[in-house]
Amino acid sequence: MRQLLTTVFHFLLRHALQFVLFMVILLAGRYLLAEWRGFQTSTASVGILREAASAGDSHGATLAQTAQARLAAMQGASLAAVEARLAKVQEQLRLLASAQSPSLFTLPLPDAKLLAEHAQQEATRRVEIEVLSQEAHYLDALQAALRGDDARQLLARRHREHVQAYAALQANLEQQRQLELAHPLAAHLPGSVVHAQLAPLAEQEERLRQANLAAYQQYLLQRARTNSAKRPAPFAIDTAALAGALAPLRQTIDAGESRLAQHWIARWRAPVLDVIPMAALLVLSAIATPLAIKAFFYFVLAPLAARLKPLSIARELHFEVGSATLPLAQESRISGVSQALQLAPGDTMLIHPAYLQSSPSGTRKRTQWLLDWAYPFTSLAAGMAALTRITSTGPASITLSASDDPLMEVAVLHLPQGAALVLQPRGLAGLIVHGKQKPAISSHWRLASLHAWLTLQLRFIVFRGPVTLIVRGTRGVRMEMAGQGRSISQAATLGFGTGVLYSTTRSETFIPYLRGQQALLNDRFDGDGVYLYEETPRHGKQPGKVGSWFEGFTDAVLKVFGI
């Protein structure tokens with residue numbers, strides 16, 4: 001009952017956590033989607049307003065040029081023509097001021113194109129009002145100037161009339177003064193001829209004085225009425241005022257751009273856009289570089305290596321061996337799920353504990369930490385560490401089998417005196433040495449061989465007889481004669497005789513190699529001798545499978561050291 005409750009609790013807890021996780025993901029996705037849509041809407045709105053401002057500037061410049069040309073042509077126009085144009089401009093201003101923008105509160109809601117048209121119409125209306133207002137103001141000044149010209153002409157006429165009246169009055173006074181100077185007494189004696197001449201002159205003087213006074217008063221009145229305004233200078237558009245017509249629109253644009261610049265999407269978008277070209281270049285390089293390298297290896301290096309002289313461990317690494325060769329079994333398959341061995345008195349077996357299935361209780365067992373202390377790294381990397389050392393004073397039957405891997409099989413290979421075998425330590429499960437001698441192991445580097453560099457196997461481990469090698473391989477171990485040339489997968493190779501000519505050959509098809517389904521090179525063995533291989537290699541990165549970079553790196557390092 002308690003176990004059932006625990007199971008139910010774990011079930012409910014797991015699904016509750018999944019529910020919470022889904023809720024968080026959905027809420028986060030909704031928030032991010034809303035933020036993105038808001039940012040996109042704001043960006044589109046600012047773009048629409050920016051286009052409207054640009055269209056308004058362009059339209060305003062066109063209207064300004066047209067108005068300047070039109071008013072330049074009206075510099076010599078009459079007052080009536082100026083008044084007619086002014087009336088027309090005022091009517092246009094009235095219509096523009098009373099015009100209303102189309103309503104945006106309609107169904108269906110207007111799209112971005114319609115909103116852009118409305119914004120451009122409003123910007124156009126504002127600049128048209130400003131240009132027409134400046135034109136009307138100039139026409140007012142021009143009208144006043146023309147009216148001032150007519151008033152000055154009338155003032156000049158009034159001045160001439162006053163001058164004429166004053167001259168007539170002065171002529172009358174001068175005539176009377178001459179008569180009085182010529183006849184001082186008769187001029188004041190009533191009934192005299194001179195007095196009779198002065199009487200009409202005196203009456204005329206009174207009339208001339210009144211006419212002179214009237215003319216003077218008319219002159220003063222006209223002078224008071226005369227406008228002293230001068231003709232305005234040629235019309236020039238006020239660009240600052242024209243730009244001010246779109247000031248609210250530009251303020252809105254600046255505010256929108258400021259909000260967009262502070263938005264977290266905008267702050268992240270600019271750096272992302274900056275690195276996108278480099279990232280794309282790196283991706284293309286990551287795609288193209290391996291292809292180029294593989295093509296270079298396949299079409300250049302591999303054919304070159306195939307034409308080179310094969311590698312011989314006995315000859316080129318100066319390893320002297322006797323005439324003894326490895327005995328070849330009747331069947332190429334030399335392994336089995338288990339192997340029974342007879343351990344002679346005085347012999348020593350070094351075996352991996354996972355392969356020791358049974359042994360007599362009378363044998364002596366102890367731990368040997370490394371296969372050979374002269375090769376500590378090789379022993380550790382090949383897994384030949386913490387081995388079981390078995391010795392017996394009498395004959396002992398020992399059964400070997402892979403207890404930790406059902407696909408692993410074991411083969412027993414006897415190397416007689418003078419025989420030698422190049423073996424990769426990864427395929428070694430143990431060995432038997434006879435008497436008190438130590439295992440005869442030597443390592444040889446081959447740095448001058450292109451075959452070694454292409455396969456990354458620069459070091460070869462050689463085991464010399466007499467010794468019995470216990471070799472392991474997945475799904476079985478086979479031993480065959482090299483003969484006139486045999487080619488197998490590099491991953492399957494376990495070892496070969498030192499008299500064998502070792503070389504590499506390119507894989508037959510390029511596409512499987514390009515896709516990672518097949519290795520670039522296969523091992524080729526020629527001459528007199530044998531080679532060993534496992535039927536199903538599992539070490540390293542296999543074709544069609546994706547291994548981690550660390551595993552690939554470690555496999556390459558181990559291969560360099562012949563492990």
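- Heavy-atom contacts from other residues, nucleotides or ligands closer than 6.0 Å to NE2 of H137 number 12 or fewer.
- In this structure, R475 places its CZ atom where only 12 or fewer heavy-atom neighbours from other residues, nucleotides or ligands lie under 6.0 Å away.
- Aromatic ring centres of F19 and H15: separated by at least 6.0 Å.
- Taking the six-membered ring for Trp and the full ring otherwise, F297 and Y513 have centroids separated by 6.0 Å or more.
- Residue-environment remark: CH2 (W268) stays at or below the threshold of 12 foreign heavy atoms within 6.0 Å.
- Proximity of L423 to F496: side-chain heavy atoms (C-beta onward) are nowhere separated by under 4.5 Å.
- No donor-acceptor contact under 3.5 angstrom links the side chains of N522 and T505, judged on distance only.
- Taking 4.0 Å as the cut-off between side-chain N and carboxylate O, E122 and R125 count as a salt-bridged pair.
- No donor-acceptor distance shorter than 3.5 angstrom exists from the side chain of T504 to the backbone of D523, with no hydrogens or angles considered.
- Contact annotation: the side chain of F235 never approaches that of R70 to less than 4.5 Å [non-hydrogen atoms, C-beta and beyond].
- Put simply, the side chain of Q424 never gets that close to the backbone of R426: no donor and acceptor are under 3.5 Å apart.
- Between the S98 side chain and the L95 main chain, a donor and an acceptor come within less than 3.5 Å of each other.
- A salt bridge does not link R472 with E534: every distance from a Lys NZ or Arg NE/NH1/NH2 to an Asp or Glu carboxylate oxygen is 4.0 Å or more.
- S54 places no side-chain N or O within donor-acceptor distance of the main-chain N or O of R50, the cut-off being under 3.5 Å.
- In this structure, the separation between CG on L370 and CH2 on W373 is 4.0 Å, given to the nearest 0.5 Å.
- Side-chain atoms of R478 and S332 form a donor-acceptor pair, as typed in the model, at a separation below 3.5 Å.
- Judged by distance alone, the side chain of R85 and the main-chain N or O of L139 form no donor-acceptor pair under 3.5 Å.
- Ring pair Y533/Y531 is parallel by interplanar angle, where below 30° counts as parallel and above 60° as perpendicular.
- With hydrogens and angles disregarded, no donor-acceptor distance shorter than 3.5 Å links the side chain of S401 to the backbone of S338.
- Counting only heavy atoms from C-beta outward, the side chains of L532 and T493 never approach each other to under 4.5 Å.
- At a threshold of 4.0 Å, the pair R250-D57 counts as salt-bridged, since one of the basic side-chain nitrogens sits closer than that to a carboxylate oxygen.
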Next item on the list: Using the salt bridge (charged side-chain N to carboxylate O under 4.0 Å, His left out) rule, take E91 and K88 through it: C-alpha gap first, then chi angles, then the decisive distance, then the call.
Entry: CA-CA 5 Å; E91 178 64 19; K88 186 176 181 181; over 6 Å; no
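- Looking at S258, its side chain never comes within 3.5 Å of a backbone N or O of D254 through a donor-acceptor pair.
- The aromatic rings of Y502 and F460 sit perpendicular, their planes meeting at an angle over 60°, well past the 30° parallel limit.
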